[in-house]
Amino acid sequence: MKVMMKQIGNSLIRQVTNSPKTLLALIILLVSFPRIYATFRRVPNLTPDSFSYLNLARILRGEQVPHLPMDPNAWAPRDDQGYRTPVYPIFLNTIFFLSPKKGTEETILQRIQRHKGFKIDTWHLKFLREKENLKSVQIVQHGLGILSTALLFQLLLSLTGNLLIAFTGALLVIGWNPNWFWGVELSIWTETLTVTLLLTLLWELYRLEQSQKICPRSLWWVSLLGGLLALTRPQFILAAILPFTWWVYKVIRKTIVFSWHNVVALLLPPLVLIGGWIIRNGIRYGFWGISTVTGFNLCIHFTAMNKIDVFEDIILKQALSKHLSKCPICVNSRFVIIHAAPDLITEWKLPFPAVSKKLEKEAFKAIINHLDIFVKSIIKATITFFKPLPFPGGFAPFFTVWFPFGLLLKIGGLMLILFMLKRFSYFIQILTVFSIATISLTLIVAGGAEPDRYSFSMEPLLALLTFVTIYSLCVNLWIVKKNK
């Protein structure tokens, strides 16, 4: 009887481990447990970024949002002024509209304020109580965490052909990573949606890579995904041209035939999406760009290093010094430039978007005249970017074990591919170039701000490259050893 039960057990294990669909179902089940627990135990997390997304969501659904140079909860203009991009606020509005219960429970709002140690002002409370169910956002983002785990599993399986690698990688990087289910998925931030869109884009591109015949409708779809990703988080602006770059690469290699219809399909959706948003900002605010946050981010390279004196404009230096003297939380804070925005609006007699544009010019002058400080800021940001993100709360003791593995996942794949570029497929090469270009652009433009947060959205892609490259090298070494 024992022998029979053992044989049945072994048979079941073999069936599970040899069946991609069964393993996918198992991984979805396993990653659901911590998220169900988090749903009942944790409340949504609000930060200044969260309030700025909520403000734009209200504008986009037609609410009357008064002008206020600096929202005390958002650290940005209450009426947005081109500060944020639209996809995540539209995502929030969709959840609020479909939520069976309108508004967030008072007990949840009280727990959020008690946990974060700040008071939500009456303006935000009115909407949160009556129209915006933050708990629904948390639940949906937990769902996106599960979907992202499944997408990473599919990508790893497709690129390595190894079920164990795919299963383990998806669990460690996203599924059971506490930074996901106990951190970012709770936050009213863009990160969870960003990673889901990124992995969906990569999965669709891989499917096109493997297709014998490319359907034009698929090209429209991947280019649309690229445009949506760019307008979810401008850090991924290059995602708008990633499908087109992939297609051009295939045309150059003569694996597909050039077609003007394909060019239109790959370029029109992102052009309409991004161009439309730029035109909207230009007409509404006189700012012809994706986001008015750029000027502030560039200046943060210098405020993060406590180098206010590098700016040429006397009014800017005086305004920052004056603000520091009356704002205790801004001392040694890289975000003093954002806190001082109302002072700059008053002193320069300019609207917020024009202040951002002027800060861009001041930042470029400072970069040219003080390149050494800018380079130091980039180096510091690069180190922070590639350091593994610390685990939240009660998971901190596990971080010591995770640190070397997390570091390997972030830098291992990129370094191996750069040293042995021709060993890997064209698809992996394109993803590597995209990763390096995106990281470089992020560090140059916004590296002074929050490089650790910017790194979060890149982690799954960097981990994917690491798993694929190390597995590929191990297989090649095994084949060489076998042939000797």
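When reading the values below, keep in mind they use all heavy atoms of this one structure, side chains included, and skip hydrogens, waters and symmetry mates. Remember, predicted model here, so these are calculated numbers, not experimental data.
The shortest heavy-atom contact between L229 and A239 is CD2-CB, 3.5 Å. Here the closest non-hydrogen pair linking H261 and P216 is CE1-CB, 3.5 Å. Residue P243 comes nearest to L205 through the heavy atom pair CA-CD2, 4.1 Å, listed as atom of the first residue, atom of the second, then distance. Summarising the geometry of T196 relative to L151, their closest heavy-atom pair is O-CD1, 3.9 Å, with the distance given to 0.1 Å. Listed here is the closest heavy atom pair of R334 and P451: NH1-CD, 4.3 Å. A pairwise comparison of heavy atoms in P89 and L56 identifies CG-CD2, 3.7 Å as the closest pair.
For the residue pair T194 and R233, no side-chain donor N or O sits within less than 3.5 Å of a side-chain acceptor on the partner. When only modelled atom types and interatomic distance are considered, W189 and Q141 share no side-chain donor-acceptor pair under 3.5 Å.
Within 6.0 Å of the CZ atom in R423, the count of heavy atoms belonging to other residues, nucleotides or ligands does not exceed 12. For R253, the CZ atom sits in a packed shell: over 12 heavy atoms of surrounding residues, nucleotides or ligands are nearer than 6.0 Å. Counted within 6.0 Å of NZ on K135, heavy atoms from surrounding residues, nucleotides or ligands total more than 12; the atom is thus considered enclosed. By the 6.0 Å contact criterion, CZ on F398 is open, its count of non-hydrogen atoms from other residues, nucleotides or ligands being 12 or less. Atom NZ of K102 is surrounded by more than 12 heavy atoms from other residues, nucleotides or ligands within 6.0 Å.
Here the side chains of L159 and Y471 are not in contact, with every heavy-atom distance at 4.5 Å or above. Counting only heavy atoms from C-beta outward, the side chains of V184 and V195 never approach each other to under 4.5 Å. Looking at heavy atoms from C-beta onward, V43 lies out of side-chain contact with L186 at the 4.5 angstrom threshold. Contact check for L298 versus L359: no side-chain heavy atoms found under the 4.5 Å cut-off. Taking 4.5 Å as the limit, every side-chain heavy atom of Y454 sits out of range of all side-chain heavy atoms of L443. Two residues are said to be in side-chain contact when any heavy atoms from C-beta on lie closer than 4.5 Å; L171 and V31 meet this criterion. Counting only heavy atoms from C-beta outward, the side chains of M458 and F236 approach each other to under 4.5 Å. Residues S356 and Y83 are not in side-chain contact: their nearest non-hydrogen atoms beyond the backbone lie 4.5 Å or more apart.
Remark: S99 engages N133, S136 in a side chain to side chain contact (heavy atoms under 4.5 Å, CB included) (not counting sequence neighbours). Every ring pair (Phe, Tyr, Trp, His ring centres under 6.0 Å) that Y206 has, sequence neighbours left out, goes to F427. For D49, the salt bridge (charged side-chain N to carboxylate O under 4.0 Å, His left out) partners two or more places apart in sequence, or in a different chain, are R84, R453.
To the nearest 0.5 Å, atoms CG (L461) and OG1 (T432) are separated by 8.0 Å. With rounding to the nearest 0.5 Å, the separation of OG1 in T442 from CZ in F385 is 6.0 Å. Here the OG1 atom belonging to T47 is positioned 9.0 Å from the CH2 atom belonging to W75, to the nearest 0.5 angstrom. Atoms CG and CZ, on L155 and R207 in that order, are 11.0 Å from each other to the nearest 0.5 Å. Atoms CZ and CG, on R78 and L54 in that order, are 11.5 Å from each other to the nearest 0.5 Å. How far CG of L225 is from CH2 of W220: 14.0 Å, rounded to the nearest 0.5 Å.
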Notebook entry, point to check: Stepwise, does the side-chain contact (heavy atoms from CB on, under 4.5 Å) test hold for I439 with L414?
Noted result: CA-CA 11 Å; I439 293 169; L414 284 181; 4.2 Å; yes
Next item on the list: Step by step, work out the side-chain contact (heavy atoms from CB on, under 4.5 Å) result for K361 and K358.
Entry: CA-CA 5 Å; K361 294 176 183 176; K358 190 171 178 65; 5.6 Å; no
Item checked: Working for side-chain contact (heavy atoms from CB on, under 4.5 Å), residues L157 and L163 -> CA-CA 6 Å; L157 179 60; L163 281 167; 3.6 Å; yes
Next item on the list: Determine, step by step, whether L26 and F167 satisfy the side-chain contact (heavy atoms from CB on, under 4.5 Å) criterion, reporting the C-alpha distance in whole Å, the side-chain angles of both residues, the deciding distance to 0.1 Å, and the verdict.
Entry: CA-CA 9 Å; L26 178 60; F167 183 80; 4.1 Å; yes
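W203 has its ring centre no less than 6.0 Å from the ring centre of F153. Centroid-to-centroid, the aromatic rings of Y426 and Y249 come within less than 6.0 Å. In summary, the aromatic rings of F352 and F296 are positioned with their centroids under 6.0 Å apart.
With respect to the salt-bridge test (charged N to carboxylate O, under 4.0 angstrom), the residues E132 and R61 qualify. With respect to the salt-bridge test (charged N to carboxylate O, under 4.0 angstrom), the residues E459 and K410 qualify.
None of I112, L92, N45, I108 except one satisfies the side chain to side chain contact (heavy atoms under 4.5 Å, CB included) rule with L134; the exception is I112. Screening Y37, F395, F33, W176 for a ring-ring contact (aromatic ring centres under 6.0 Å, His included) involving F181 leaves a single residue, F395.
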